[in-house]
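Below is one structure; the comments refer to it alone.
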Amino acid sequence: MEQIEQLRTAVRAANRIIFLTGAGVSVPSGIPDYRSKNGLYAGKHNPEYLLSEACLANEPDVFYQFVTQNMYYPDAKPNPIHFKMAEIGETKPVTVITQNIDGLHEAAGSKSVVDFHGSLYHCYCMKCGQTVPVGTYLESDIHQNCGGRIRPDVVLYGEGIDPDAIEQAIQALQNADLVVIAGTSFKVSPFCNLIDYRNPEASVFAVNKEPIPLPFRYTMIEADAMTVFKKI
């Protein structure tokens with residue numbers, strides 16, 4: 001496909017690259033997305049509440065049960081998309097800015113990752129602030145040291161994005177000459193608004209099964225991200 005060849009050429013020519021990634025990048029690793037027919041929310045009543053700050057505060061046992069039974073996939077491994085992004089990062093500056101909270105970009109070897117929505121694999125006690133191993137959290141959300149509640153460091157509904165993550169993402173976008181959006185419908189705010197901070201001279205590509213409408217000139221590759229990244 002001509003557009004894939006254009007992306008391959010752009011990656012080779014670029015000095016600094018940004019990958020903006022979403023759930024579609026991790027689906028091939030066996031991690032479901034959120035809103036598709038077979039996604040995390042399918043068949044759940046009010047699933048956004050179950051992942052909210054309000055649920056954690058008012059019904060912590062309900063929150064804990066939902067997160068530990070539905071969000072963790074210990075057998076999931078990085079797939080060719082993750083590995084290709086990490087491989088490109090071995091030869092030139094690459095920053096991955098991801099909506100995903102599964103840690104697979106880091107597991108694949110990417111050195112510069114902005115976990116825009118946090119990570120399931122960083123947990124801490126809300127009472128004393130101590131970092132707690134994820135294995136401990138999966139056994140119990142009660143911190144044995146102080147009796148406080150443990151939570152994963154992810155952005156819940158009703159919470160704001162970490163200002164440091166926003167700053168890192170914006171700075172990286174301002175310095176890049178190639179931006180590749182992959183595996184996301186790019187509709188979730190404020191993640192989708194990050195593109196407004198791109199270097200205006202940067203080339204922009206989008207790789208997704210469904211079109212992504214952007215209000216400027218860009219190249220849309222309407223295809224499965226796995227297929228595309230295996231070829232670049």
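Quick caveat, the model's predicted, so the values are computed rather than measured.
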(Q) Side chains of T136 and H143, heavy atoms from C-beta outward: is any pair under 4.5 Å? (A) no
Q: Please answer whether the main-chain N or O of K77 pairs with a side-chain N or O of S29 as donor and acceptor at a distance below 3.5 Å.
A: yes
Q | Any donor-acceptor N/O pair, Y64 side chain to S140 backbone, under 3.5 Å | A | yes
(Q) Hydrophobic cluster membership, with links at side-chain heavy-atom distances under 4.5 Å among I/L/V/M/F/W/Y: are Y121 and F66 in one? (A) yes
**Q.** Check: Y157 ring centre within less than 6.0 Å of Y49 ring centre
**A.** no
Q.
With side chain to side chain contact (heavy atoms under 4.5 Å, CB included) as the test, pick out the partner of F205 among V228, L178, V179, V11.
A. L178
Q) Between the main-chain N or O of K84 and the side-chain N or O of K230, is there a donor-acceptor pair closer than 3.5 Å? A) no
Q: Locate the shortest heavy-atom distance separating A57 from P60; write the atom from each residue and the value.
A: O-CD, 4.1 Å
Q | Heavy-atom pair of closest approach, residues P213 and P211 | A | CD-O, 3.8 Å
Q: Locate the shortest heavy-atom distance separating C123 from I150; write the atom from each residue and the value.
A: CB-CG2, 4.0 Å
Q.
If I compare all heavy atoms of P152 with all of V67, which pair ends up nearest, and what's the gap?
A. CG-CG1, 4.4 Å
Q: For N100 and A23, indicate whether the former's side chain and the latter's backbone hold a donor-acceptor pair under 3.5 Å.
A: yes
(Q) Quick check for you: to the nearest 0.5 Å, what is the distance between Y124 atom OH and R151 atom CZ? (A) 4.0 Å
(Q) Please determine whether residues M220 and L20 belong to a single hydrophobic cluster, defined as Ile, Leu, Val, Met, Phe, Trp and Tyr linked transitively by side-chain heavy-atom distances below 4.5 Å. (A) yes
Q: Check whether any side-chain heavy atom of L214 lies under 4.5 Å from a side-chain heavy atom of I181, and answer yes or no.
A: yes
Q: Without swapping roles, check the side chain of Q174 against the backbone of Y197 for a donor-acceptor pair under 3.5 Å.
A: no
Q: Answer yes or no: does atom CZ of R16 have more than 12 heavy-atom neighbours from other residues, nucleotides or ligands under 6.0 Å?
A: no
Q. Do V96 and I17 sit in the same hydrophobic cluster, where Ile, Leu, Val, Met, Phe, Trp and Tyr count as joined when their side-chain heavy atoms come under 4.5 Å apart?
A. yes
Q) For L104, does its backbone N or O pair with a side-chain atom of D102 as donor and acceptor, under 3.5 Å? A) yes
**Q.** Between OG1 on residue T227 and CD1 on residue I221, distance to nearest 0.5 Å
**A.** 11.5 Å
(Q) Measuring from atom CD1 of I18 to atom CD1 of I97, what distance do you get when rounded to the nearest 0.5 angstrom? (A) 4.5 Å
Q | Atom pair OH (Y218) and CZ (R198), whose distance is rounded to the nearest 0.5 Å | A | 12.0 Å
Q. Within a strict 4.5 Å, meaning less than it, do heavy atoms of the P80 and M226 side chains meet?
A. yes
Q: Let me see the working for M126 and L56 under side-chain contact (heavy atoms from CB on, under 4.5 Å), right down to the final yes or no.
A: CA-CA 11 Å; M126 293 188 290; L56 175 61; 3.8 Å; yes
Q) Taking the side chain as C-beta and beyond, is there a heavy-atom pair between V154 and M71 under 4.5 Å? A) no
Q.
Any side-chain to backbone donor/acceptor pair from N208 onto A182? Under 3.5 Å, distance only.
A. no
Q. In terms of hydrophobic clustering (I, L, V, M, F, W, Y; side-chain heavy atoms under 4.5 Å; direct or indirect links), are L51 and Y72 co-clustered?
A. yes
Q: Taking atom CD of Q171 as the centre, report whether more than 12 heavy atoms of other residues, nucleotides or ligands fall under 6.0 Å from it.
A: no
Q | Rounded distance (nearest 0.5 Å) linking atom CG of L120 with atom CD1 of I101 | A | 4.0 Å
Q. Is the backbone N or O of D61 less than 3.5 Å from a side-chain atom of D141, with the two atoms forming a donor-acceptor pair by type?
A. no
Q. Do the ring centers of F83 and F229 come within less than 6.0 Å of each other?
A. no
Q: To the nearest 0.5 Å, tell me how far N79 CG sits from S26 OG.
A: 7.0 Å
Q | Atom of S112, atom of T95 and distance for their closest heavy-atom approach | A | OG-OG1, 3.2 Å
Q | Exercise: identify the closest heavy-atom pair between Q65 and N70 | A | O-ND2, 4.4 Å
Q) Under the 3.5 angstrom rule, does the side chain of D177 hit a backbone N or O of A14 as a donor-acceptor pair? A) no
**Q.** E159, CD atom: more than 12 neighbouring heavy atoms under 6.0 Å
**A.** yes
Q.
I want to check something: taking the side chain as every heavy atom from C-beta on, are V62 and C55 in contact at a cut-off of under 4.5 Å?
A. yes
Q. Should I4 and I232 count as side-chain neighbours, where that means a heavy-atom distance under 4.5 Å?
A. yes
Q: Compare all side-chain heavy atoms of R149 with those of F63 and state whether any distance is below 4.5 angstrom.
A: no
Q. Do the non-hydrogen side-chain atoms of I161 and F191 ever get within less than 4.5 Å of each other?
A. no
Q) Where the side chain of K127 meets the backbone of G147, is there a donor-acceptor pair that is under 3.5 Å apart? A) no
